[in-house]
Amino acid sequence: MRKPIIAGNWKMNNTASEGVALVKAIAPLVKNASCDVVVCVPAIDIPAVSEALKGTNIGLGAENVHYAEKGAFTGEISAAMLKEYGVKYVIIGHSERRQYFGETDETVNKRTLTAIAAGLTPIVCIGESLEERETGKTEEVLAKQIHEGLKNIDDITKIVIAYEPVWAIGTGKTATAEQANETIGFIRKTIGEMFCPKCAEALRIQYGGSMNAGNCKELMAMPEIDGGLIGGASLKAPDFAAIVNFDK
Ligand code: 13P
């Protein structure tokens, strides 16, 4: 059985003090969660949020990591810098990074290998655009993102994949539970062929894209969906907690 994992992605929201207030509000609401609970926060919030999360069941995540160990990469953050503050997870290859910051499958792959080597759990994001879905290219696009973004990984079960159809992010337009389930099934099959079927069975694959308190139960009831990567709804404690407690 795969343990579900619900992660918030704050994106560029919450100053450090706002972030501390938010996790303090979330913590008591999710303390009996049966899934893994994670908040991925802006890098500058990490020290304060890390402190505020002590003694809670909420894991800390970052929103990116650089692939080099250290050096002349102005503005970037290394795995060692994250680890010093108890960061356990890191989002890699979010569609906003791919769209606005030139992230490619190649840089996704480099960042993912570095994160794994450092003992961080990467949450690797893949997903198709609206045009790609409407022109029947979803599987082709996902297969490329998987083959190029995840190559040379020794143990694929050390990562989490987030399937985030770009057209569902921040739009209020969620994939139907059936659509998400079917596409995640395809991702699992592709991983099974690339690595091994048993590893694919053990791998956790989240759905992301306008997941909220109202639709989480239906999505989480699907056999292929092992959790959620939550944007907007992770910014309000009761909404995020309702998703974490989808099984209560
Ligand atoms: P929304 O939940 O705001 O659609 O964002 C999803 C997302 O991009 C999570 O990484």
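Just so you know, these numbers come straight off a predicted model, no measurement behind them. Just so you know, ligand 1 is whichever comes first in the structure, and atom 1 is the first atom listed for that ligand. Only this structure's heavy atoms are used, side chains among them; waters, hydrogens and symmetry mates stay out.
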Exercise. Where the closest heavy atom to atom 10 (O) of ligand 1 is concerned, which of Glu164, Glu63, Glu96 has it?
Worked result: Glu164

Exercise. Of all the non-hydrogen atoms in the protein, which one sits nearest to atom 3 (O) of ligand 1, and at what distance?
Worked result: Gly232 N, 2.8 Å

For this session: Answer yes or no: is there an ion pair linking Glu148 with Lys151, defined by an N-O contact shorter than 4.0 Å?
Result: no

Exercise. Has the side chain of Glu128 got a donor or acceptor atom that lies under 3.5 Å from a matching backbone atom of Lys137?
Worked result: no

Exercise. Hey, is Ala162 one of the residues with a heavy atom under 4.0 angstrom from ligand 1?
Worked result: no

For this session: Please indicate whether any nitrogen or oxygen in Ile169 is less than 3.5 Å from any nitrogen or oxygen in ligand 1.
Result: no

Problem set entry | Numbered atoms and elements of ligand 1 in range of Gly209, under 4.0 angstrom, heavy atoms | 4 (O), 6 (C)

Exercise. Could an N or O of ligand 1 be found under 3.5 Å from any N or O of Gly208, whether backbone or side chain?
Worked result: no

Problem set entry | Within 6.0 Å of CG in Asp155, more than 12 heavy atoms from elsewhere | yes

Exercise. Leu229 heavy atoms, cut-off 4.0 Å: which ligand 1 atoms fall inside?
Worked result: 9 (C), 10 (O)

Problem set entry | Intermediate values then yes/no, side chain to side chain donor-acceptor pair (under 3.5 Å), Ser95 and Gln99 | CA-CA 6 Å; Ser95 65; Gln99 193 177 346; 5.2 Å; no

Exercise. Which is closest to atom 4 (O) of ligand 1 by heavy-atom distance: Gly170, Gly228, Ser95, Ala233?
Worked result: Gly170

Problem set entry | Protein contact to atom 5 (O) of ligand 1 [nearest heavy atom, distance to 0.1 Å] | Lys11 NZ, 3.2 Å

Seminar exercise, completed: Tested for side-chain hydrogen bond (donor to acceptor under 3.5 Å, both in side chains) against Arg204, the lone hit among Asp226, Thr157, Asp36 is Asp36

Exercise. Glu131 and Trp167: side-chain donor and acceptor closer than 3.5 Å?
Worked result: no

Exercise. Quick one: which of His147, Arg98, Gln145 gives a side-chain hydrogen bond (donor to acceptor under 3.5 Å, both in side chains) with Asp105?
Worked result: Arg98

For this session: Report yes if Thr171 has an N/O atom closer than 3.5 Å to an N/O atom of ligand 1; otherwise report no.
Result: no

Exercise. For ligand 1, which atoms sit closer than 4.0 Å to a heavy atom of Ala168?
Worked result: 4 (O)

Exercise. Should Ile230 be counted as touching ligand 1, given the test is an N or O pair under 3.5 Å?
Worked result: no

Seminar exercise, completed: The answer for which part of Asn9 has a heavy atom under 4.0 Å from ligand 1 is side chain

Exercise. Which ligand 1 atoms, with their elements, are less than 4.0 angstrom from a heavy-atom of Ser210?
Worked result: 1 (P), 2 (O), 4 (O)

Exercise. Given Thr183 and Arg133, is the side chain to side chain donor-acceptor pair (under 3.5 Å) satisfied, shown in steps?
Worked result: CA-CA 11 Å; Thr183 312; Arg133 177 159 283 265; 3.2 Å; yes

For this session: Look at atom CD of Glu218 and say whether more than 12 heavy atoms of other residues, nucleotides or ligands are closer to it than 6.0 Å.
Result: no

Problem set entry | Pair Arg111 + Glu76, salt bridge at N-O below 4.0 Å | yes

Seminar exercise, completed: among protein heavy atoms, the one nearest atom 2 (O) of ligand 1 is Gly231 N, 2.9 Å

